[in-house]
Amino acid sequence: MAFKDVVEKLYTFRDHYFESHKVESEDQKINDLSEELNKTLKIFDDHKDEQDSLKKAEYDLLRAKALNVLPEFNSDALEILTKLVKFHPKMIEAWNELGTCFWKKGDMKAAKSCFESALREEKNPESLRNLSMILRQVGQTPEEKLAKIHESLEKAKEAVNLNIQDGKSWYILGNAYLSLYFTADQNSNLLKQCLSAYSHAFSDDTMRCNPDLYYNWAMALKYDENYRLALENLEKSLKYDPFWNDPKEQLEMLVKHLENIQQMITKKGKMKPRKIKDILNALQKELAASNTSETCVDRKGQTIKLERCKFSDLQEGLNSNKVLRGKVICHVYCTDSPSFTFCMIDEEENCFCINVYNMVQGKGVIIGDSVAIYQPHLQHFNFTFKDKTFSFSSIRVNSPLQLEVNKKKLGHEMLAAPRLSVTLKSD
C-alpha cells in the first residue's frame, strides 16, 4: 500500500475542494474533509501489517501528517510526532509536522524550536517558510518586530533559493515583502518586489487554488493602485473560499471607493458652480503672483528645477521636472484606504484625485486649500468590472514631503510612523 499517495490525495482533496464542490455552509468542507480523513485512517488501519516493508517510522509520520490535515490541533498527531523526533531526531519532516502541531496549539515558541531543529539537520524549504511566517508574529517592541520581519524576509529568500520552482516559497516571500512594506515604510520598491514574488508563485500550478495568495496579492495590487487586477483577485479569492469574509468586504469597499472617486471627480466635489468659480478666481490670483519655475530638494539632497504646469500638460507616469498647483474641492473617505484621498482642480477647471501615502492619520488638507505637488505621478484608469465602468485620473503622492499646502512645504512631522495595517489570514 502506497501510504504516501493516500496522504497526498487527502491534501489534494483539501486544497482543491472548491473546484469540485458547491457547498451551502462553511462547515460542510470541514465535515467532508473529516470524512475523507476517516477513510484515509481506515486504509492505514487495514494495511497496518504492511508497515514493515515501509518502516514503522515512515508509517507513523504519514499517519500523523494525515491527522494534521484539519485546521484544528490534533493531540494524537502531537503524541506520534513527539515520539518520532525523540527516536529519529534526523527526521526532518517529522520536525516540520510537529512544529505545525504546536503552531495549531498556539505554542509559537515550541513551533519555532521544531523548525530550527529541522534546519540544524538539513536546510529545507518547508522549515525556512514556516520560520519566516513565525518570525513575523513575534517581537514585543516596534524595533523588535521590524528586526524579526527583516529576519523573516531572509528566511523566505533562502527558501526560494533552494527551489526557485516552488510556488509556496515565492508566496511566503511575497508576504514577507508585504509585511516589511507596511512595517518599515510604504516603499514602492518593496511593493514591486512583493508583486513580483506573488507573480512567480502563481506560475506554480499547485498554488492556483490558494485563496490566501489571491487575497494578499489583491491587497498589494490595491496599494499599487492596480485596481482592476485587485478586484479580479479578490473575486478569485472568494471563488476558492466562498465563506471567507475578508475578500468579500474588501471587494465591496474597493468598488465603493472607486465609485466615490469617480463621482466626486465627475461632479467636482458636488460644489455649486458659483463656489467653483470663486475657488478658480482665487487660484488664478495666486498663480499670477507666483513664479512659473520653482525648485525642490530630492531624496539625495539635490536641488531640482521644476516647471509649473497644468493637469493637461502632464504625461502618464512620473513627471520629474514638473510642479502642479491647484485647489482642494473635496475629500474622498474610505475606512480601509492606505492613502489620504482628496480631489482638486487646476486653473483650467480640470478635476482629478490625489492619493497621498505615508501621511499622519488625522492630518491632511481641507477644502479651499492651495496645494502644490512636486514631481506628480499621473495614472489614468479606464476599465470595467462586472457591470461597472471606472474611468478617471489620479495622481499618486508617495510622501507628504512632496506637497506644499498654502505656500508651506510639509515637513517630517506629517510623515506617518511605521505601522503594519494588513491582517493576513494565513501564509
Side-chain angles (χ1 to χ4, degrees), residues 10-21 23 26 29-30 33 68-72 96 99-100 103-104 108 111 115 125-137 149 152-153 155-156 159-160 165-183 190-191 193-224 226 229-254 336 338 420-427:
L10 176 64
Y11 275 79
T12 299
F13 178 88
R14 181 194 70 178
D15 296 338
H16 296 261
Y17 180 82
F18 288 109
E19 282 186 285
S20 55
H21 294 78
V23 296
E26 187 174 8
K29 178 184 176 181
I30 299 299
L33 183 57
N68 246 351
V69 75
L70 294 172
E72 296 83 11
N96 285 331
T100 300
W103 198 338
K104 290 178 181 179
M108 304 294 284
F115 301 134
E126 186 175 353
S127 299
L128 289 166
R129 289 195 302 260
N130 289 331
L131 263 183
S132 177
M133 288 186 273
I134 282 183
L135 286 165
R136 294 201 303 275
Q137 300 179 39
I149 288 175
S152 162
L153 180 61
K155 297 299 181 187
V160 167
Q165 305 300 324
D166 187 346
K168 190 166 187 180
S169 293
W170 281 109
Y171 164 60
I172 300 302
L173 179 60
N175 288 352
Y177 274 123
L178 188 60
S179 294
L180 186 58
Y181 172 75
F182 280 99
T183 307
L190 289 174
L191 193 57
Q193 289 171 305
C194 166
L195 290 167
S196 176
Y198 286 149
S199 181
H200 279 93
F202 184 70
S203 64
D204 184 345
D205 286 340
T206 63
M207 297 297 292
R208 289 180 181 266
C209 297
N210 187 324
D212 295 359
L213 169 58
Y214 289 111
Y215 178 76
N216 293 343
W217 197 0
M219 291 298 95
L221 288 164
K222 183 178 79 167
Y223 305 134
D224 196 45
N226 191 334
L229 282 179
L231 291 168
E232 290 175 0
N233 277 289
L234 286 170
E235 200 170 37
K236 288 177 181 176
S237 180
L238 277 173
K239 175 183 176 181
Y240 294 115
D241 194 345
F243 300 101
W244 187 13
N245 285 330
D246 287 0
K248 183 179 179 182
E249 291 175 357
Q250 287 289 339
L251 184 61
E252 291 172 352
M253 282 194 293
L254 182 53
D336 193 50
L420 182 62
S421 58
V422 62
T423 301
L424 304 179
K425 175 190 176 190
S426 73
D427 285 287

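All values derive from a computational prediction rather than experimental measurement. In what follows, every heavy atom counts, from backbone to side chain, and hydrogens, waters and symmetry copies are set aside.
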Legend entry - Residues, nucleotides or ligands: over 12 heavy atoms within 6.0 Å of Lys248 NZ: no
Legend entry - Heavy-atom check, side chain of Tyr214 versus side chain of Leu234, under 4.5 Å: no
Legend entry - Exercise: identify the closest heavy-atom pair between Asp204 and Lys168: OD2-N, 4.4 Å
Inset, instruction - Any chance you could lay out the side chain to side chain contact (heavy atoms under 4.5 Å, CB included) test for Arg129 and Tyr171, step after step, and finish with the verdict? - result: CA-CA 9 Å; Arg129 289 195 302 260; Tyr171 164 60; over 6 Å; no
Legend entry - Validation row: Asp241, Tyr215 side chains within 4.5 angstrom (heavy atoms): no
Legend entry - Euclidean distance, Asp15 CG relative to Arg208 CZ, rounded to 0.5 Å: 15.5 Å
Legend entry - Rounded distance (nearest 0.5 Å) linking atom OG1 of Thr183 with atom CG of Leu178: 9.0 Å
Inset, instruction - Supply the atom-to-atom distance Leu128 CG to Leu173 CG, rounded to the nearest 0.5 angstrom. - result: 12.0 Å
Legend entry - Nearest-0.5 Å distance that lies between atom CE in Met133 and atom OG in Ser179: 11.5 Å
Inset, instruction - Could you label the plane-to-plane angle of the Trp217 and Tyr198 rings as parallel, tilted or perpendicular, counting under 30° as parallel and over 60° as perpendicular? - result: tilted
Inset, instruction - State the CZ-CD1 distance between Arg14 and Ile30, to the nearest 0.5 angstrom. - result: 9.5 Å
Inset, instruction - Look at the rings of Phe13 and Tyr17 and say which category their plane angle falls in: under 30° parallel, 30 to 60° tilted, over 60° perpendicular. - result: perpendicular
Inset, instruction - Kindly indicate whether the side chain of Phe18, heavy atoms from C-beta on, has any atom under 4.5 Å from the side chain of Lys29. - result: yes
Inset, instruction - To the nearest 0.5 Å, tell me how far Leu231 CG sits from Asn226 CG. - result: 9.5 Å
Legend entry - Side chain to side chain, Phe115 and Asn96, heavy atoms closer than 4.5 Å: yes
